[in-house]
Structure formats: structure tokens, C-alpha cells
Amino acid sequence: MELLCSGKQMQEIDRYSIQEMKIPSLVLMERAALAVRDAVLRRWKPGGRIVAVCGSGNNGADGLAAVRLLSQAGCPAEAILAGSEEHETRECRLQREILVNLEIPVHRAAGDAYDKIRGAQILIDAVFGVGLSRNVKGTYARMIEAVNQADGQVVSVDIPSGVSADTGKVLGCAVNAAETVTFGFRKLGQILYPGAGCCGKLTVAEIGFAPVPGTLSEELAYTFVTEDLDGLPQREADSNKGSFGKTAVFAGCKNMAGAAALCGLSAYRAGAGLVRLVTEEENRMILQQLVPEAVMTTLERNRKERIAEALEWATVIVLGPGLGRSEEAGEEVRQVLEYGMKHPEKPVAADADALNLLSENPQWRIKGSGNLILTPHPGELSRLLGRSVEKLKEDFPGAVRDCAEKYGAVVVGKDSRTVVSEAEGPVFVNTSGNSAMAKAGSGDVLCGVIAGLLARGVPARSAAEYGAYVHGLAGDLWVREHGCQGMTAMDLSECLSRLWF
Ligand SMILES: NC(=O)C1=CN([C@@H]2O[C@H](COP(=O)(O)OP(=O)(O)OC[C@H]3O[C@@H](n4cnc5c(N)ncnc54)[C@H](O)[C@@H]3O)[C@@H](O)[C@H]2O)[C@H](O)CC1
Ligand SMILES: [K+]
């Protein structure tokens, strides 16, 4: 597990290390600057000039210290001050004064400063770090634009200036870096897009922060690394198909068999023991061919009773893929969700049309109790929350959490970085996967993976997190072998069988 920080949390770790643990601020800063120096030296070629554009906060101070270290290493390095002296932090002033004392060039952001930026082989971006709190304007914005237009390679200190460390949002304008050297932890804004796309190669330098205080560590976001797969229950040697649950998949309206097939197959491939597809009679033939391992309930008559029987039979319930939005589908979704509310021991994963029907029918008063998983993409999340996509993208983890609160659910907010959250506690941000997965059917596969994990006995929240992670790993496996255009959802599902989890 890798912990991820927001900007504010990082500032708190900074404050705690310096004020309470008494690690001198300048010691941390020197180590930060050494890491930046090393990154720059790996790119620098003799003859090339290095220009650091520095703000007046401690990010700027890091930049100034790096200029000193590079100069002492024999490189022609100089600094441009994007901020004013009156706003300088104590550390920033000190670092500037040291440069002046050592006769290392420090310029104001005026006159030929822009020519210097254009002429540099390497630019160090140290305008703003995790302290950026509002839109970038004026000289700061002009400096950032100049850095982006220059031909030199850009190394950002801590985070590309202009990116919100909390949300990855670009606050007005932001630096596009070739490399970002960050300190202690990756920040949420470096993981979430568009900020993630501004970072270039991202490296984390250990600079000696104190261990995170307990109360804060419980609030930090996190992501998985491959070792985390060891946390999943393994298949016992003396198990049988009954040991891995009975998964009922309510999916596929007339002629929409594909979603049901992808979901059911993926549930098997994620470890489910027995899958029942509950679908329309018209889908029977095709589904028997696509998923011969599944048993089937079709709904040509006695709908309500047959749905009720399947619900009684199931230990895990999946609802929604390809279900459509007909009145019949609405009745089905309502029946299943109400059943789920009365049976907290049976996890329910709801996706696609089930989510749309849920948002259209607030009078159902659906509130999960730890067993409900919702897997909306931004459009579905927008409908569930009654908030525009644009607005919710400003703080995607926050929107996912609000949705979790509203429906009493574990919510899997699907996006380029899928976020899993409950109403309280830390968020999980998925870092596996790639843009090849941005295709029809990918969500049906995810829903199936989550169901398979639930059937193996993984609790709802973990199944949601591991589901997102494993789904992304399957996509990464495909892309490594075939490139990023041609994958279909069926290819993605097949890759699940080749992963160890
Ligand atoms: N010893 C340490 O403290 C270490 C700090 N590190 C680096 O410090 C930054 C964080 O520094 P901080 O001073 O808190 O913030 P910034 O440098 O990011 O400064 C912002 C500064 O500017 C003001 N501000 C915010 N938004 C705007 C805006 N849009 N326009 C103008 N001004 C703005 C804000 O009020 C602040 O005063 C961290 O990223 C590290 O790079 C190292 O970690 C080493 C140890
Ligand atoms: K920066």
C-alpha cells in the first residue's frame, strides 16, 4: 500500500516534522534540493544553462537551494524570482541571500528574464508547490507560460506549478514538466488528471520527514502496489464450487446480451464458483454459447417470482449491466435493491442502468448498510448526485465520497483514476490501468471482477478496491503485449485469467 497526500496533509507533515519533531526546516530543504540537483544533473549537458524560476514560498526556496548546489557542482545555473521580496518566507529569503553572497546570478522577473528562460537547456520550475491555493495570475502566469513555451527540459520541484496538489486541477495555468521530483509522498494532484499529465516522469525523494502522526495517517488516501494482491484470500485446497458463492447477475435486456456475458465471464475469471445469469428469454441462446458455464434464469413470465427465487438462491448480487431503462427494468431494479436492503449479508453491486434508474427514483429511498456497491462513471455519478460532470470533476474524490454518503454505499467512481470511497475514512485511488480501457464493455468487466471477489468472501469495500486494481492490471497486461488501441472488453476479460490474484 502506498500512502498519498493532499497538499494540506503534506503541509501538516511538514509542520509536524519541523515544529514538533524539531527536524530543522533547512535540513529537509537541503535534502529536497539535493534530489532536484541530482535529477537535473542526469539531464544536463555541458554548455547548457540552467535557469530556475522561483516563487517566494518554500517551493521557491527549494529552487534557489538547487541553483546553489548546481552551481557548486560546476554548472552555469541562475535564478529568476517570480515573486516579491515582501512575500518571501524566512527560508526563501535566506536561500536568496546565500546566492547573492556566493555571487550566483539572481534576477527579477522583468527585462531579459524571458530571454533567459527561452535560452535555458534546463528549467527548474519552483514557482509554487503544495502551498498553491488560488488561481495563478499576473507575473506568475506569464512565467509559467514562458516556461511552457521554452525549448528546455523542465524539472518541476515537488509538483508542476499551477497544479492543485489536492485535486489535480489546473488552477489557471500549469507547467508541463518532463520530470517532477516530489518529496516524501506522491500527492493526490499528481495522480489525478489533468495534474497527473503535467508531471512527466514522477520520482519520490525521501528527505527525512518524521513518521506521519497516527491521527493523520488514518486520513491519508492510498493506492495499491502489486504486493497488496497477497492480501486476497487464496483458494483452499479442499474447496469446491460452493465455497465461492452463488452470484446472481441481473443483466441484459432484450438483445443486450453482451453486457451480461462480459460481467458473468469476468465474475468466473475473478474466482466466482457459480454464476447465474438472470436475463430475458431472447438472450438465452447467445448467452449459453458465450458463457456455457453459467446457469440461467429467464424472465419471460412470472418475472417477480423468478427474480425473487434468484435472489433467495444468491449469496452475491450484481445488478444493471445492459438492463435498459424500461418500466420492467425499473421494477426489477427496485425489487433487487429493496431485497438487498433487507439482506445486509448479501452484497449487491449495482452498475450502469441500475444507477440511472436509482437516480431517477429517489422515492425508493435506497440506503445500503455496508453491502451496497455502486460503480458509476462520471455521467452516472452526475445523475446520482444531481451535480454537473464539470463540477464534480473539480473534486472527484469529494464527489465520490458525497455519493457514498447519500446512498450509504461503497462507491467506485470510475474515471482515468478510479476512486473508491465510503461516507467516511480515507479514499482509495486506483493507479493501475490505461486509456485502452476507455471502451464499451469495460465497466461490465469491472462489475464482474468485483462480483467474483465478493463471491470469494472479500468484504465489499476491499472487493471494490481490489476489483478496480485487478481490472487495471488486466488492461496493463494487454497493452504491454499489444499496444493501446485494439483491446476489446472481451480481451480485457480474458487477461484476468492470466493474472495471479
Ligand atoms: N522546510 C520546508 O518547509 C520544506 C518545504 N518544502 C517545499 O515547500 C513547499 C511548500 O512551501 P509553502 O511555502 O508552504 O508553499 P509554496 O511554496 O507552494 O507557496 C506558495 C506561496 O504562494 C502563495 N500563493 C498560493 N497561491 C498563490 C497564487 N495563485 N498566486 C500567488 N501566490 C500564491 C501562498 O500563500 C504561499 O505563500 C513544498 O511544495 C516543497 O517544495 C520541501 O518539501 C522541503 C521542506
Ligand atoms: K513547482
Side-chain angles (χ1 to χ4, degrees), residues 5-37 39-40 52-66 69 79-96 109 123-144 147-148 154-166 169-187 189-190 195 198-200 202 204-210:
C5 282
S6 71
K8 275 167 219 74
Q9 289 165 337
M10 197 62 229
Q11 282 178 312
E12 174 54 20
I13 293 169
D14 221 38
R15 189 203 62 76
Y16 174 80
S17 300
I18 296 165
Q19 286 176 19
E20 293 187 38
M21 296 298 109
K22 308 286 180 203
I23 301 172
S25 171
L26 289 171
V27 170
L28 295 172
M29 192 167 276
E30 199 68 6
R31 292 184 67 179
L34 283 163
V36 173
R37 178 200 66 179
V40 170
V53 185
C54 305
S56 41
N58 282 350
N59 192 256
D62 288 348
L64 293 166
L69 294 168
I80 296 173
L81 303 174
S84 64
E85 276 181 29
E86 56 172 323
H87 291 118
E88 275 176 346
T89 58
R90 196 173 55 86
E91 287 84 352
C92 185
R93 169 157 315 177
L94 181 68
Q95 299 292 0
R96 177 174 57 77
L123 288 152
I124 298 176
D125 154 40
V127 184
F128 297 115
V130 297
L132 179 72
S133 54
R134 52 191 187 275
N135 267 19
V136 179
K137 294 193 185 119
T139 307
Y140 294 115
R142 284 195 289 280
M143 286 273 129
I144 287 174
V147 166
N148 282 342
V154 182
V155 175
S156 282
V157 178
D158 207 12
I159 188 162
S161 299
V163 171
S164 158
D166 298 339
K169 210 182 150 203
V170 169
L171 297 177
C173 61
V175 166
N176 267 315
E179 179 167 353
T180 298
V181 182
T182 198
F183 312 123
F185 301 89
R186 287 201 282 175
K187 320 295 180 287
Q190 297 160 339
C198 298
C199 292
L202 179 63
V204 184
E206 180 47 61
I207 65 167
F209 289 115

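Both ligands and their constituent atoms are indexed starting at 1 by order of listing.
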How many degrees, to 10°, between Asn59 OD1 and Asp125 O as seen from the K ion (ligand 2)? 90°
With rounding to 10 degrees, Phe128 O, the K ion (ligand 2) and Ile159 O define an angle of 90°
Just checking, any donor-acceptor pair under 3.5 angstrom between side chains of Gln190 and Thr182? yes
Applying side-chain contact (heavy atoms from CB on, under 4.5 Å) between Cys173 and each of Val136, Asn135, Asn148, report the one that passes. Val136
Using a 4.0 Å heavy-atom cut-off, say whether Asp14 meets ligand 1 through its side chain, its backbone, both or neither. side chain
Counting only heavy atoms closer than 4.0 Å, does ligand 1 sit against the backbone of Asn135, its side chain, both, or neither? backbone
Residue among Val53, Asn59, Val175 satisfying side-chain contact (heavy atoms from CB on, under 4.5 Å) with Val127: Val53
Calculate, to the nearest 0.5 Å, the distance between atoms SG and CD belonging to Cys92 and Glu85 respectively. 9.0 Å
What's the shortest distance from atom 42 (C) of ligand 1 to any protein heavy atom, and which residue and atom give it? Asp62 OD2, 3.3 Å
The side-chain contact (heavy atoms from CB on, under 4.5 Å) partner of Ile18 among Leu28, Ile13, Ile23, Leu26 is Leu28
One finds that the ligand 1 atoms under 4.0 Å from a non-hydrogen atom of Ile18 are 1 (N), 2 (C), 3 (O)
Considering all protein heavy atoms, does one lie under 4.0 Å from atom 37 (O) of ligand 1? no
Counting only heavy atoms closer than 4.0 Å, does ligand 1 sit against the backbone of Asn59, its side chain, both, or neither? both
With a cut-off of 4.0 Å, which atoms of ligand 1 are near a heavy atom of Ser133? 25 (C), 26 (N)
Taking N or O atoms only and a 3.5 Å limit, does Gly131 qualify as a polar contact for ligand 1? yes
Between SG on residue Cys54 and CD1 on residue Ile124, distance to nearest 0.5 Å: 7.5 Å
Assess the pair Phe128 and Tyr140: is the distance between their ring centroids shorter than 6.0 Å? yes
Going by the order shown, which atoms of ligand 1 are within less than 4.0 Å of some heavy atom of Gln11? 14 (O)
When you look for heavy atoms under 4.0 Å from ligand 1, do you find them on the side chain of Phe183, its backbone, both, or neither? side chain
In ligand 1, the atoms that come under 4.0 Å of a heavy atom of Ser25 are 1 (N), 2 (C), 3 (O)
Determine whether the side chain, the backbone, both or neither of Glu91 has a heavy atom under 4.0 Å from any heavy atom of ligand 1. neither
Close N or O approach (Met29, ligand 1; < 3.5 Å): no
Report, in ascending order of atom number, the atoms of ligand 1 lying under 4.0 Å from any heavy atom of Gly57. 13 (O), 17 (O), 19 (O)
Quick check: Val130 and ligand 1, any N/O pair under 3.5 Å apart? yes
Roughly, to 10 degrees, what angle do Val157 atom O and Ser161 atom OG form around the K ion (ligand 2)? 180°
Stepwise side chain to side chain contact (heavy atoms under 4.5 Å, CB included) test for Leu81 and Ser56: CA-CA 7 Å; Leu81 303 174; Ser56 41; over 6 Å; no
Side chain to side chain contact (heavy atoms under 4.5 Å, CB included) evaluation trace for Leu69 with Glu30: CA-CA 9 Å; Leu69 294 168; Glu30 199 68 6; 3.6 Å; yes
Could you give me the CA-CA distance, side-chain angles and deciding distance for Arg31 and Phe183, then say whether side chain to side chain contact (heavy atoms under 4.5 Å, CB included) is met? CA-CA 9 Å; Arg31 292 184 67 179; Phe183 312 123; over 6 Å; no
Which atoms from ligand 1 have a heavy atom of Tyr140 less than 4.0 Å away? 31 (C)
Ligand 1 atoms in contact with Leu28 (distance to a heavy atom under 4.0 Å): 45 (C)
